[in-house]
Amino acid sequence: MRQWLEDVEARHGIDKLTQRTRQLVLASFAILLVLVIYRGFLVQGDEFNWRPVLAFVLPLVLFLPSIIGQRARGHAWLAFVSLLYFTQGIMLATLPGQSMRGLLEAAVSLALFTGCMGYARFRSRQLRQ
């Protein structure tokens with residue numbers, strides 16, 4: 001795997017790979033944020049309450065400074081947090097009538113994981129050069 005990644009880096013260049021993985025992170029982060037906010041509003045009963053929305057959104061929002069600041073370490077931690085949303089999406093997919101939304105959340109969080117791990121690797125290598 002390591003050799004394959006080094007071949008990809010040599011073929012495409014670190015700068016281009018860093019840019020592509022950053023675009024993947026930004027897109028998947030935004031989509032996951034919208035999905036999580038939507039789910040937070042679906043949990044609501046008759047009265048509106050911000051607590052369920054905040055409970056779903058807060059773990060993602062805490063990583064905004066790392067994403068904006070383009071810090072590799074913050075992206076690595078966000079990758080691990082995205083696995084919680086993957087698990088949640090898979091569990092949601094098992095509920096009747098929620099399978100498409102759950103699979104979409106799982107797919108987007110998996111894309112976020114892949115993008116974050118790639119960005120953390122390529123950005124740290126880019127900074128070393």
Side-chain angles (χ1 to χ4, degrees):
M1 181 71 158
R2 182 178 183 183
Q3 183 62 40
W4 177 78
L5 279 171
E6 289 174 358
D7 290 343
V8 169
E9 290 170 1
R11 198 170 341 132
H12 297 288
I14 296 282
D15 295 332
K16 190 174 184 179
L17 290 172
T18 303
Q19 180 185 9
R20 284 186 180 176
T21 53
R22 175 142 174 87
Q23 291 170 350
L24 177 62
V25 167
L26 292 174
S28 56
F29 183 83
I31 293 169
L32 186 61
L33 195 60
V34 168
L35 285 172
V36 167
I37 289 171
Y38 177 69
R39 181 171 23 123
F41 283 116
L42 285 180
V43 171
Q44 301 296 324
D46 294 335
E47 296 179 16
F48 182 74
N49 190 355
W50 280 101
R51 282 186 226 133
V53 177
L54 285 176
F56 290 128
V57 172
L58 190 61
L60 286 176
V61 172
L62 290 175
F63 286 97
L64 271 176
S66 293
I67 291 175
I68 293 169
Q70 300 181 10
R71 290 186 288 243
R73 180 171 279 194
H75 281 77
W77 279 104
L78 177 58
F80 296 121
V81 170
S82 72
L83 294 177
L84 297 172
Y85 291 97
F86 175 78
T87 306
Q88 209 166 25
I90 294 298
M91 289 187 338
L92 189 62
T94 62
L95 296 175
Q98 302 293 323
S99 61
M100 289 306 292
R101 199 165 52 95
L103 290 175
L104 181 63
E105 185 174 330
V108 170
S109 63
L110 191 60
L112 181 61
F113 174 80
T114 305
C116 284
M117 291 307 288
Y119 183 80
R121 176 187 172 90
F122 300 137
R123 180 69 176 160
S124 62
R125 285 180 170 253
Q126 185 184 42
L127 292 175
R128 275 192 230 141
Q129 289 181 349

Who are the side chain to side chain contact (heavy atoms under 4.5 Å, CB included) partners of Arg11, not counting sequence neighbours? Asp7, Val8

At what distance, to the nearest 0.5 angstrom, does CZ of Arg123 lie from CG of Asp15? 9.5 Å

Which pairs with one or both residues in residues 107-122 pass salt bridge (Lys or Arg N to Asp or Glu O under 4.0 Å), sequence neighbours excluded? Glu9-Arg121

Going from CZ on Arg125 to CD1 on Ile14, what distance comes out if it is rounded to the nearest 0.5 angstrom? 6.0 Å

Applying side chain to side chain contact (heavy atoms under 4.5 Å, CB included), can you list everything that pairs with Leu95, at least two apart in sequence or on another chain? Leu92, Gln98

Those residues at least two apart in sequence (or on a different chain) that pass ring pair (Phe, Tyr, Trp, His ring centres under 6.0 Å) with Trp50 are Phe48

Interatomic distance, OG@Ser109 vs CD1@Ile90, rounded to 0.5 Å, equals 7.5 Å

Quick one: which residue pairs count as a salt bridge (Lys or Arg N to Asp or Glu O under 4.0 Å) with a foot in residues 57-84, not counting sequence neighbours? none

Could you give all pairs that pass the ring pair (Phe, Tyr, Trp, His ring centres under 6.0 Å) test and reach residues 79-129, with sequence neighbours left out? His75-Tyr119

Any idea which heavy atoms bring Ala72 and Ser124 closest together, and the distance? CB-N, 4.3 Å

Any chance you could pull the hydrophobic cluster mates of Leu58, using side-chain heavy atoms under 4.5 angstrom and chaining through other members? Leu62

Leu24 and Leu35: same hydrophobic cluster, using ILVMFWY side-chain contacts below 4.5 Å? no

Please examine the side chains of Leu78 and Leu60, heavy atoms only from C-beta on, and report whether any two atoms are closer than 4.5 Å. yes

Pairwise distance CG(Leu26) to CD1(Ile31) - rounded to 0.5 angstrom: 11.0 Å

Provide the closest heavy-atom pair for Leu112 versus Ser82 in the form atom of the first, atom of the second, distance. CD2-CB, 3.8 Å

Mind checking salt bridge (Lys or Arg N to Asp or Glu O under 4.0 Å) for Arg22 and listing every partner two or more places apart, or none if nothing turns up? none

Under the salt bridge (Lys or Arg N to Asp or Glu O under 4.0 Å) rule, what pairs show up with a residue in residues 101-111, not counting sequence neighbours? Arg39-Glu105

Straight-line distance of Leu32 CG to Leu110 CG, nearest 0.5 Å: 11.5 Å

Got a sec, which pairs hit ring pair (Phe, Tyr, Trp, His ring centres under 6.0 Å) with one end in residues 1-37, sequence neighbours left out? none

Using the side chain to side chain contact (heavy atoms under 4.5 Å, CB included) criterion, which residues pair with Arg2? Sequence neighbours excluded. Glu6

Apart from Val34 itself, residues in the same hydrophobic cluster as defined by side-chain heavy atoms under 4.5 Å: none

State plainly whether one hydrophobic cluster holds both Ile37 and Leu104, where clusters connect Ile, Leu, Val, Met, Phe, Trp and Tyr through side-chain heavy atoms under 4.5 angstrom apart. yes

Single-linkage hydrophobic cluster, 4.5 Å side-chain cutoff, Val25 and Val57 together: yes

